[in-house]
Amino acid sequence: MNIDFLAHPAEEVAPKLLGTVLTRKTSEGTVSIAITETEAYSGMADPASHAYRGRTARNATMFGPAGHLYVYRSHGLHWCANVVTGTDGIASGVLIRAGRVIEGEELARKRRGAKVESPRLARGPGNVGQALGITAECNGADLLTGTSVMLSEGEPVPAALIRVGPRVGVSKAHDWQHRFYRADDPTVSAYRLSPRAKPSAEA
DNA sequence: AACCAGATCCTCT
DNA sequence: GAGGATCTGGTTT
């Protein structure tokens, strides 16, 4: 994976990340997923972004250089992973919402639970984190030169199979078409409108 | 110091 | 399809 691939606005990088491979190595073993669903988040201009109100200790990684992993805790117990994109100093990142496990399925299932169907092992951002074994320790990790979390090239997804839609579960700017996913792919998570989304924001 | 909202997930009907 | 669990970080008093 080349830094030039990531050093662009999140909404440009997000569709290009479909098909790329995210790998996580721990003492337990290695799990890799081919990314099937992403969402772009920007900085000051994006009301739904963690970085909208400026830099804080929690979102600092988003403001750093492209190619690092931004990890945050959602609803108390889910670890969600983002690939930082764009320019150093300007917040932007791509949330990895879903992927297909292509390596280490046994370990992924051990982490997720024996009953989980294969396509659901990394379906949804919280599940991606759990299947890969991503925790707060991974925040800020360099995806290009690191050895514990890595982003690499995979089979490109044909443009004709890429779909665009509104982001899942955000209450602000929920009509922004910043979600990208593979058409007809069982590993892609279901769309849900945030309970707090304002009807007046409809276009 | 207190409040509240949240880039979610799982279970149950 | 709907509802609740769960707790952290950010914002407001």
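We name chains A, B, ... by the order of the sequence lines, and we start the count at 1 in each one.
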Quiz item: For the pair made of CG in A/Leu193 and C1' in C/dA2, what is the distance, rounded to whole Å?
Solution: 14 Å

Could you run down the sub-3.5 Å N/O contacts of the protein with nucleotides 3-6 of chain C?
residue, atom, partner, partner atom, Å
C/dT6, O2, A/His75, O, 3.4

Exercise. Could you name each residue pair satisfying ring-ring contact (aromatic ring centres under 6.0 Å, His included) that touches residues 72-126 of chain A, not counting sequence neighbours?
Key: A/His50-A/Tyr72, A/Tyr70-A/Tyr72

Practice problem: Please list every stem that involves DNA chain C, where a stem is a run of 3 or more consecutive Watson-Crick or G-U wobble pairs with both pairing distances under 3.5 Å. | Solution: B:1-6 with C:7-12, B:8-12 with C:1-5

Quiz prompt | A/Arg123 bridged to A/Glu117 by N-O distance under 4.0 Å | solution = no

Quiz item: Are any side-chain N or O atoms of A/Ser171 and backbone N or O atoms of A/Ser194, one a donor and one an acceptor, separated by less than 3.5 Å?
Solution: no

Quiz item: When rounded to the nearest 0.5 angstrom, what is the spacing between CZ in A/Arg24 and CG in A/Leu69?
Solution: 9.0 Å

Practice problem: Return the set of residues passing salt bridge (charged side-chain N to carboxylate O under 4.0 Å, His left out) with A/Glu39 (not counting sequence neighbours), or none when no residue passes. | Solution: A/Arg97

Quiz item: Salt-bridged, A/Arg109 to A/Glu105, with N to O below 4.0 Å?
Solution: yes

Quiz prompt | Strand-adjacent residues in residues 95-125 of chain A, judged by heavy atoms under 4.0 Å from DNA chain B | solution = A/Leu95, A/Arg97, A/Arg112, A/Gly124, A/Pro125

Quiz item: About how many Å separate CZ of A/Arg111 and CD1 of A/Ile134, when rounded to the nearest 0.5 Å?
Solution: 9.0 Å

Quiz prompt | Spacing of A/His50 atom NE2 relative to C/dG9 atom P, expressed in whole Å | solution = 12 Å

Show me the side-chain donor-acceptor pairs of residues 152-164 of chain A shorter than 3.5 Å, one per line, residues at least two apart or across chains.
residue, atom, partner, partner atom, Å
A/Arg163, NH1, A/Ala160, O, 2.9

Exercise. Have a look at A/Arg58 and say if it touches a base, only the backbone sugar-phosphate, or nothing, with a 4.0 Å heavy-atom cut-off.
Key: sugar-phosphate

Quiz prompt | Residue list, side chain to side chain donor-acceptor pair (under 3.5 Å) with A/Asn127, at least two apart or on another chain | solution = A/Arg112

Quiz item: Can you tell me how far CE of A/Met150 sits from CE of A/Met1, rounded to the nearest 0.5 angstrom?
Solution: 12.5 Å

Practice problem: Taking all heavy atoms of A/Ala10 and all of A/Tyr41, pick out the closest pair and write down the distance. | Solution: CB-O, 3.5 Å

Practice problem: Mind checking salt bridge (charged side-chain N to carboxylate O under 4.0 Å, His left out) for A/Arg100 and listing every partner two or more places apart, or none if nothing turns up? | Solution: none

Filtered N/O pairs between nucleotides 11-13 of chain C and protein, under 3.5 Å:
none

Exercise. Please name all residues satisfying side chain to side chain donor-acceptor pair (under 3.5 Å) with A/Arg179, sequence neighbours left out, ordered by chain then number.
Key: A/Glu37

Self-check item: Partner residues of A/His178 under the ring-ring contact (aromatic ring centres under 6.0 Å, His included) criterion, sequence neighbours left out
Solution: A/Trp176

Quiz item: Taking the nucleotide of DNA chain B with the closest heavy atom to each, which residue, A/Asn127 or A/Ser194, is nearer the 5' end?
Solution: A/Ser194

Quiz item: Once you round to the nearest 0.5 Å, how far does OG of A/Ser49 lie from CG of A/Asn59?
Solution: 7.5 Å

Self-check item: Outermost DNA chain B nucleotides near chain A [under 4.0 Å, heavy atoms]
Solution: B/dA5 to B/dC10

